[in-house]
2 protein chains.
Amino acid sequence: MTQADMTAKKNHHHGDLREALITAGLEIMEESGFEALTLRKCAARAGVSHAAPAHHFHGIISLKAAIIARGHRIFAATMRARAADALPDPMAQLCAICAGYLEFSEKHRALFQLMFQPTPRDLSAITPSVLEELMFEAGGSYGVLRTACEPFESDKRAPNSVEIAVWSMVHGYAMLFGETETREAAPTGPIPDFSIILPILTLQI
Amino acid sequence: MTQADMTAKKNHHHGDLREALITAGLEIMEESGFEALTLRKCAARAGVSHAAPAHHFHGIISLKAAIIARGHRIFAATMRARAADALPDPMAQLCAICAGYLEFSEKHRALFQLMFQPTPRDLSAITPSVLEELMFEAGGSYGVLRTACEPFESDKRAPNSVEIAVWSMVHGYAMLFGETETREAAPTGPIPDFSIILPILTLQI
DNA sequence: CATCGAGACTTGACACCGTCAAGTTAAATT
DNA sequence: AATTTAACTTGACGGTGTCAAGTCTCGATG
């Protein structure tokens, strides 16, 4: 519990409640999974009453959006870190970025699940400043992948088709195999590593 | 409302409540999206009290599992229907089955989302007979895709690597683009059709 | 420095949710 | 016909998100 949390326990002025709620949300999901995230639990962990978040977030949907924005920032950083360790040629960069994609989906499974859960149809319910932040951060993390795919695009194919193919494949793999989850249906035998799968695609690019 | 529903409104014996609850769940999601699905709403639509489902399903998790099993049956049928209309060569069959995969994800978006939401870690809470049905139906729908990929597997690659690659790609595409959802981040310009994307992969197989 | 207004909370209540316990009604069995 | 079992209903509880009204703190102003 931070100094601000302790202050909140005494008074009506937390000091940095917005950030504390986001941090609480990230911690709760890390510990108990993506479905454990609730507004009241975040408020309790931040040391305030259940209605306090309303001043910072227009409902649970806005708090989740802020957490997802934070997730995209960590996501982009994870992919960039892998790219920084790889050779500069386009293929090595793409492989590294995909490895970062999968690393994030495994290490932060609950956050990844939250980030890619079905989007509410009406984004207008989200606090405008939070939505702007989310769009910015999501664009940033997606841009890492897009940039890595650019060298492989060609006038011979539909625009963006390589980035769509790569994103579909790595995202599908992350969703389906990113964690040794209990599954109702699965391929028999061990799942091949994505580094084996990706070349099936990229050799043709 | 069926005859059985009307019977339930009068008495303590619905007649086919199990099926009515599953049907209610499918309808509610179709109308109001995947997050609108609740046990009480299903019970109300089936014309019984909120606690009636407990006799057939051990909690909301079991009712959802039953709905998901139904979803897999429709899913498999959709892919098989596409395959039935296609030429018998392996490539045409694979393309048709992927088209069926995407058709299902678009036409039954909420059901698709429910089917591939993060799985609860503890499946033992699910009614055993329901879990068995789910495993069977999920295995059946997955088997359609697996069978279509078999002609492309090779001793030169890791076992199952083609089916993993294809499943990752088509599932990722379905999750990301299967509906013109509101998205925080997206490629610029129109999304290439999956029939353009798939050949990037399959030409190399 | 005192006052006022806005910001940042707290308390309480409501409806909805899933689950459980106890009770009631109908069907099946003996 | 009586008994047992199945299939419900009713009511309650705790957790959830949201709203309204109230309270406390901070910042602005004179």
Side-chain angles (χ1 to χ4, degrees), chain A residues 2-22 24-25 28-29 32-67 114 120 122 124-127 129-130, chain B residues 2-22 24-25 28-29 32-67 114 120 122 124-127 129-130:
Chain A
T2 66
Q3 185 65 35
D5 293 344
M6 293 169 77
T7 302
K9 286 251 183 243
K10 292 184 278 185
N11 305 312
H12 278 66
H13 201 276
H14 181 279
D16 195 11
L17 181 54
R18 186 183 199 281
E19 187 59 31
L21 290 168
I22 292 170
I28 288 166
M29 287 194 297
S32 312
F34 129 99
E35 288 182 336
L37 179 68
T38 71
L39 191 66
R40 288 189 185 226
K41 282 179 184 152
C42 292
R45 182 168 295 218
V48 294
S49 70
H50 58 276
H55 185 73
H56 302 272
F57 300 103
H58 195 270
I60 181 70
I61 189 178
S62 299
L63 173 57
K64 284 184 172 179
I67 294 171
L114 179 72
D122 181 21
S124 69
I126 295 178
T127 305
S129 59
V130 173
Chain B
T2 65
Q3 185 66 33
D5 293 344
M6 293 170 76
T7 302
K9 284 245 181 254
K10 292 184 279 185
N11 304 313
H12 278 68
H13 199 273
H14 181 280
D16 195 12
L17 181 56
R18 185 182 199 281
E19 188 59 31
L21 291 168
I22 293 169
I28 288 166
M29 287 194 296
S32 311
F34 127 100
E35 290 184 333
L37 178 67
T38 71
L39 191 66
R40 288 191 184 224
K41 283 178 183 151
C42 292
R45 182 168 294 221
V48 294
S49 72
H50 58 276
H55 186 72
H56 302 272
F57 300 103
H58 195 270
I60 181 72
I61 188 178
S62 299
L63 174 56
K64 284 184 172 179
I67 294 171
L114 179 71
D122 181 21
S124 69
I126 295 177
T127 307
S129 59
V130 174

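Look at His56(A) and you'll find a side-chain N or O under 4.0 angstrom from OP1 or OP2 of dC9(C). Taking side-chain N and O atoms only, Lys41(A) has a distance below 4.0 Å to OP1 or OP2 of dT16(D).
Separation of atoms CG (Leu37(B)) and OG (Ser32(B)) is listed at 10.0 Å; rounding is to 0.5 Å. A distance of 12.0 Å separates CD in Glu35(A) from OG1 in Thr38(A), rounded to the nearest 0.5 Å.
Here the C1' atom of nucleotide dT19(C) and the CG atom of Leu63(B) are 14 Å apart, to the nearest Å. Computed from coordinates, the Glu35(A) CD to dC17(C) C1' distance equals 14 Å when rounded to whole Å. Nucleotide dA26(C) holds its C1' atom 12 Å from the NE2 atom of His55(B), rounded to whole Å. Atom CG of Asp16(B) and atom P of dA27(C) are 15 Å apart (whole Å). Across the protein-nucleic acid pair, His12(A) atom NE2 and dT10(C) atom P stand 6 Å apart, rounded to whole Å. Ile61(B) has its CD1 atom 12 Å from the C1' atom of dG18(C), to the nearest Å. Nucleotide dG14(D) holds its C1' atom 18 Å from the CD1 atom of Ile60(B), rounded to whole Å. Note: CG (Leu21(B)) to P (dA7(D)) measures 13 Å, nearest angstrom.
For dG12(C), its base sits under 3.5 Å from the side chain of His50(A) at one donor and acceptor pair at least.
Nucleic acid contact class of Thr38(B) (heavy atoms, under 4.0 Å, all strands): sugar-phosphate only.
Each of dA26(C), dG18(C), dA8(C) was ranked by its minimum atom distance to the side chain of His13(A); first place goes to dA8(C). Counting only heavy atoms from C-beta on, Arg40(B) has its side chain closest to dC17(C) among dT10(D), dG23(C), dC17(C). Relative to the side chain of Ser49(B), the nucleotides dT19(C), dA8(C), dT9(D) differ in distance, and dT9(D) lies closest. Nearest to the side chain of Ala51(A), among dT18(D), dG11(D), dT11(C), sits dT11(C).
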Do any side-chain atoms of residues 53-66 of chain B form donor-acceptor pairs under 3.5 angstrom with protein atoms, and if so which ones, sequence neighbours left out?
unit_1: His58(B); atom_1: ND1; unit_2: Ala125(B); atom_2: O; d: 3.3
unit_1: Ser62(B); atom_1: OG; unit_2: His58(B); atom_2: O; d: 3.0
unit_1: Ser62(B); atom_1: OG; unit_2: Thr127(B); atom_2: N; d: 2.9
unit_1: Ser62(B); atom_1: OG; unit_2: Thr127(B); atom_2: OG1; d: 3.1

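Contact annotation: the side chain of His12(A) never approaches that of Val48(A) to less than 4.5 Å [non-hydrogen atoms, C-beta and beyond]. In this structure, His50(B) and Leu39(B) have side chains that are not in contact, with every pair of non-hydrogen atoms separated by 4.5 Å or more.
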